[in-house]
Amino acid sequence: KVCARWVPKQLTVLHKQTRLDICQQHLDRYGNERDVFLDRIITGDETWIHHCEPESKRQSMEWKHPQSPSKKNFKSQLSARKLMLTVYLDSQGRILEHFQERGTTINSARYSEMLTDRPKPAIRSKCPGLLSKGVVLLHDSARPHTAAHTAETLRKLKFDVMAHPPYSPDLTPSKTFSEGIRKLVQRWTKCVEKQGDYVEK
């Protein structure tokens, strides 16, 4: 027996065509610019950080003697207290980590404010020369990232924003720095080969 593969959404013909077109667009650009293009990419995303996260089953594994009593773990839940963390990285590593104030989440206004105040100094410090070459920003299609206010902020910052199709977490780099950025080309290629369908990670 083979288990079914879970996917984020059942893609329509239009979704698949959009994914295919955008991936081909990125591949064409990579074909012209090669690694210079990838080295200019900065990607960012948000995640919730809980004050206390339960130990996973794998984390609880330990060596023991056959006669040793079995270890018991009691069911626990994620801590209700949490903060939203925004992380930016490039092919070399993390550029910026920013925690939102407790009790707040990301909307277009907060995202635009953070874009205005924080990334450029961090890029100037950790990625010398990138601002003059031009930042290529890759973020997903979440509403705070695509709102008109955010788009205007990015235009003022002169960031080159990469198109990213909706419902496409498989086309974002993993948070493994250079490996994640470099694997984008492989994922774009597979997406085109699969006519816009989801790519196995």
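Small disclaimer: the values here were computed from a predicted structure and weren't measured.
Side chain of R19 to backbone of C191: no donor-acceptor contact under 3.5 angstrom is found. Side-chain atoms of S125 do not come within 3.5 Å of backbone N or O of P121 as any donor-acceptor pair. H164 places no side-chain N or O within donor-acceptor distance of the main-chain N or O of S141, the cut-off being under 3.5 Å. Distance alone, capped at 3.5 Å, is enough to place a donor-acceptor pair between the S132 side chain and the G129 backbone.
Side chains of C127 and I95 form a contact here, defined as non-hydrogen atoms less than 4.5 Å apart. Annotation: side chain of R182 is in contact with side chain of D35 (closest heavy-atom distance under 4.5 Å). Looking at I106 and M84, their side chains come closer than 4.5 Å, going by heavy atoms from C-beta outward. Counting only heavy atoms from C-beta outward, the side chains of V87 and D45 never approach each other to under 4.5 Å. Side-chain contact between T86 and F99: absent, with no pair of heavy atoms (C-beta onward) separated by less than 4.5 Å. Here the side chains of K190 and Y198 are not in contact, with every heavy-atom distance at 4.5 Å or above. Residues I41 and L184 are in side-chain contact: their nearest non-hydrogen atoms beyond the backbone lie under 4.5 Å apart.
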Go through the steps for R143 and S108 under the test side chain to side chain donor-acceptor pair (under 3.5 Å), then give the verdict.
CA-CA 7 Å; R143 189 179 298 274; S108 178; over 6 Å; no
May I have the step-by-step check of side-chain contact (heavy atoms from CB on, under 4.5 Å) for K120 and F159, ending in yes or no?
CA-CA 10 Å; K120 274 196 171 183; F159 283 2; 4.1 Å; yes
Check against side-chain contact (heavy atoms from CB on, under 4.5 Å), L115 and L154:
CA-CA 8 Å; L115 284 170; L154 290 168; 3.7 Å; yes
Could you walk me through whether Q92 and D90 satisfy the side-chain contact (heavy atoms from CB on, under 4.5 Å) test, starting with their C-alpha distance in whole Å, then the side-chain angles of each, then the deciding distance to 0.1 Å, before giving a yes or no?
CA-CA 5 Å; Q92 302 304 313; D90 70 352; 3.6 Å; yes
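At most 12 non-hydrogen atoms from other residues, nucleotides or ligands lie less than 6.0 angstrom from CZ of R118. Counting heavy-atom neighbours within 6.0 Å of E113 CD, excluding the residue itself, gives a total of 12 or less.
A pairwise comparison of heavy atoms in R94 and L89 identifies CA-CB, 4.0 Å as the closest pair. In terms of heavy atoms, V199 sits closest to R187 at CG2-O, 3.7 Å. Among all heavy-atom pairs drawn from V192 and Q24, the shortest one is CG1-OE1, 3.6 Å. When all heavy atoms of T43 and I181 are compared, the pair lying nearest together is CG2-CD1, 4.3 Å. Smallest separation of non-hydrogen atoms from A163 and H26: O-NE2, 2.9 Å.
Taking CZ of R155 as the reference point, atom OG1 of T150 lies at 13.5 Å (rounded to 0.5 Å). Distance check: H139 NE2 to T146 OG1 gives 7.5 Å after rounding to the nearest 0.5 Å. Atoms CG and CG, on D197 and D170 in that order, are 9.0 Å from each other to the nearest 0.5 Å. Rounding to the nearest 0.5 angstrom, the gap separating the OG1 atom in T153 from the CE atom in M114 is 11.0 Å. Rounded to the nearest 0.5 Å, atoms CG (L85) and CD (E97) are 5.5 Å apart. Atom-to-atom distance recorded for C23:SG and L171:CG is 4.5 Å, nearest 0.5 angstrom.
Here D160 pairs with R29 in a salt bridge; the nearest charged N to carboxylate O distance falls below 4.0 Å. Ion pairing between D21 and K16 fails under the 4.0 Å rule for side-chain N and carboxylate O.
Residues L138 and Y30 fall within the same hydrophobic cluster, defined by Ile, Leu, Val, Met, Phe, Trp and Tyr side chains chained together at heavy-atom separations under 4.5 Å. No continuous path of ILVMFWY side-chain contacts below 4.5 Å connects W188 to L11, so the two sit in separate hydrophobic clusters. No path of Ile, Leu, Val, Met, Phe, Trp and Tyr side chains, each step under 4.5 Å between heavy atoms, connects V185 with I22, placing them in separate hydrophobic clusters.
Using a 30° and 60° split on the angle between ring planes, H15 and Y167 fall in the perpendicular class, above 60°. Relative ring orientation between H145 and Y111 is described as tilted, the plane-to-plane angle lying within the 30° to 60° band.
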